[in-house]
Amino acid sequence: MTALNHTAVSHTVFHLLGIPGLEDQHMWISIPFFISYVIALLGNSLLICIILTKRSLHEPMYLFLCMLAGADIVLSTCTVPQALAIFWFHAGEISLDRCITQLFFIHTTFISESGILLVMAFDRYIAICYPLRYTTILTGALIGKIGVTIFLRSYGTIFPIIFLLKRLTFCQNNIIPHTYCEHIGLAKYACNDIYANIWYGFSILMLTVVLDVVLIFVSYVMILRAVFCIPSRDARHKALNTCGSHVCIIILFYGPGIFTILTQRFGRHIPPHTHILLANVCMLAPPMLNPIIYGIKTKQIREQVVHVLFTRQKSLWFRN
């Protein structure tokens with residue numbers, strides 16, 4: 001009888017609540033969401049345009065940064081418009097297929113960004129430890145293969161989640177207290193056994209993001225060991241300065257995620273809306289701040305941004 005009842009009702013439409021407990025503040029919360037999204041779109045789009053159009057920036061480091069900017073645009077676009085629709089129009093209704101599509105792109109893009117950050121650490125390792133062989137090792141063909149590998153790894157590992165979710169019967173509550181869909185957050189509303197979902201999700205996390213963090217740490221240990229073997233203090237400072245932007249982005253990308261996991265595991269008395277706000281910070285902060293960090297700390301990009309912006313302003317001024 002239980003099995004029959006489970007199969008009799010299966011929700012195909014869900015309702016995203018936004019940030020439960022702060023419904024009366026949704027309009028105010030939407031302001032930083034909207035500003036962050038606009039900055040992320042404009043900043044990353046400008047970064048991509050500058051890198052692709054300026055031949056002087058067709059170097060491995062900047063090409064990897066271009067990939068990261070593209071992933072940032074996708075990640076923010078997967079989450080923020082949905083949140084703004086909830087905040088402004090109370091449009092939280094979402095179909096099961098659309099919910100699965102959203103979480104698929106969120107998870108794949110997140111894993112892609114993690115892979116790009118790992119490759120950027122490898123890029124810095126080659127640049128500092130093998131500077132004379134930098135361009136011969138990181139050729140255009142290899143960069144293209146790396147990009148395809150990152151894409152295939154992220155999509156290949158997340159694709160089975162579609163089938164793991166499709167097999168479930170969602171006969172429990174169809175109210176999701178969040179601004180977007182995510183794998184286990186959706187699976188827990190099923191009446192079926194979701195151990196396969198839990199263990200697969202955990203395995204993917206360990207084999208992608210956690211493994212990337214470990215390899216990035218190993219890369220920087222080797223980088224620091226090579227840097228402190230350089231006799232010149234100025235040369236050491238210059239070598240470390242080339243890694244500054246990447247280190248900031250690593251902290252910005254993994255930091256909120258680690259903090260969110262810790263609060264979910266140990267912060268049982270923390271209000272639910274705090275967990276949801278932290279989860280949104282993970283999606284909002286990196287896309288917004290990445291182009292700003294690289295624009296400030298990287299001289300070549302800063303010069304090109306100033307050149308593009310001021311040249312257009314001057315041309316408009318002369319026309320008027």
Side-chain angles (χ1 to χ4, degrees), residues 2-3 6-7 9-14 16 71 74-75 78-79 82 94-119 146-217 253-268 272 275-276 278-280 282-283 286:
T2 305
H6 285 180
T7 56
V9 178
S10 182
H11 295 293
T12 57
V13 176
F14 293 84
L16 294 166
V74 175
L75 186 64
C78 286
T79 55
Q82 176 71 61
I94 186 169
S95 67
L96 176 61
D97 290 338
R98 190 172 148 214
C99 190
I100 292 174
T101 301
Q102 184 186 45
L103 68 87
F104 173 77
F105 280 104
I106 290 172
H107 292 319
T108 51
T109 309
F110 191 85
I111 291 175
S112 294
E113 286 214 27
S114 181
I116 294 168
L117 290 177
L118 171 61
V119 173
I146 289 172
V148 172
T149 302
I150 291 171
F151 176 85
L152 291 177
R153 184 189 75 153
S154 59
Y155 278 75
T157 52
I158 299 300
F159 193 72
I161 287 177
I162 296 175
F163 301 100
L164 288 174
L165 288 171
K166 281 286 190 179
R167 71 184 177 88
L168 300 176
T169 302
F170 298 96
C171 59
Q172 297 190 30
N173 194 1
N174 67 335
I175 306 298
I176 302 176
H178 213 307
T179 57
Y180 57 84
C181 298
E182 55 96 16
H183 177 208
I184 300 301
L186 177 62
K188 69 181 182 181
Y189 290 109
C191 296
N192 315 74
D193 184 1
I194 63 169
Y195 278 113
N197 296 71
I198 294 171
W199 283 109
Y200 186 78
F202 178 76
S203 301
I204 291 303
L205 181 66
M206 295 301 294
L207 292 173
T208 56
V209 177
V210 175
L211 180 60
D212 291 345
V213 172
V214 172
L215 293 176
I216 289 171
F217 178 77
F253 182 76
Y254 292 112
I258 293 171
F259 187 71
T260 300
I261 292 171
L262 290 176
T263 54
Q264 288 177 347
R265 177 66 180 84
F266 302 105
R268 296 177 181 176
H275 294 295
I276 297 170
L278 284 172
N280 279 281
C282 295
M283 300 297 170

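Keep in mind that the numbers below use all heavy atoms, side chains included, and drop hydrogens, waters and symmetry copies.
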Problem set entry | Criterion side-chain contact (heavy atoms from CB on, under 4.5 Å) on C78 and V74, from CA distance to verdict | CA-CA 6 Å; C78 286; V74 175; 4.0 Å; yes
Exercise. Which is it for T79 and N280 under the side chain to side chain donor-acceptor pair (under 3.5 Å) test, yes or no, and what are the steps along the way?
Worked result: CA-CA 8 Å; T79 55; N280 279 281; 5.8 Å; no
For this session: Please test V13 against L96 for side-chain contact (heavy atoms from CB on, under 4.5 Å), starting from the C-alpha separation and ending with a verdict.
Result: CA-CA 6 Å; V13 176; L96 176 61; over 6 Å; no
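Within the 3.5 Å criterion, the main-chain N or O of I106 finds no donor-acceptor partner in the side chain of T109. A distance-only check finds no donor-acceptor pair linking the side chain of R167 to the backbone of I162 [under 3.5 Å]. Checking side-chain atoms of Q172 against main-chain N and O of A190 turns up a donor-acceptor pair under 3.5 Å. Panel note: side chain H107, backbone H183; a donor-acceptor pair is recorded below 3.5 Å. In this structure, the side chain of D212 does not engage the main chain of L118 through any donor-acceptor pair within 3.5 Å.
Side-chain contact of S154 with T108: a donor-acceptor pair under 3.5 Å is absent, judged by distance alone.
A heavy-atom distance below 4.5 Å is not found between the side chains of F104 and I161. Residues F110 and V209 are in side-chain contact: their nearest non-hydrogen atoms beyond the backbone lie under 4.5 Å apart. With contacts defined as side-chain heavy-atom distances shorter than 4.5 Å, the pair L165/N197 qualifies. Side chains of Q82 and H178 form no contact here, defined as non-hydrogen atoms less than 4.5 Å apart. Using a 4.5 Å cut-off on side-chain heavy atoms (C-beta onward), L186 and C99 make contact. Between L207 and T157, every side-chain heavy-atom pair lies at or beyond the 4.5 Å cut-off. Residues F170 and T12 are not in side-chain contact: their nearest non-hydrogen atoms beyond the backbone lie 4.5 Å or more apart.
For Y200 and Y195, the distance between ring centers is not under 6.0 angstrom.
Ion pairing between D97 and K166 holds under the 4.0 Å rule for side-chain N and carboxylate O.
Heavy atoms only, all atoms of each residue included: C181 and I176 are closest at SG-CD1, 4.4 Å.
Atom OG of S114 and atom CD1 of I150 lie 9.5 Å apart (nearest 0.5 Å). Atoms CG and CG, on L168 and D193 in that order, are 9.5 Å from each other to the nearest 0.5 Å. Atom-to-atom distance recorded for S95:OG and Q102:CD is 10.5 Å, nearest 0.5 angstrom. Once rounded to the nearest 0.5 Å, the distance linking NE2 of H11 with CD1 of I175 reads 8.5 Å. To the nearest 0.5 angstrom, Y180 atom OH is 12.5 Å from I94 atom CD1. Between M206 atom CE and W199 atom CH2 the span is 10.5 Å, to the nearest 0.5 Å.
Using bins of under 30°, 30° to 60° and over 60° for the plane-to-plane angle, the ring pair F14/Y189 lands in the tilted bin.
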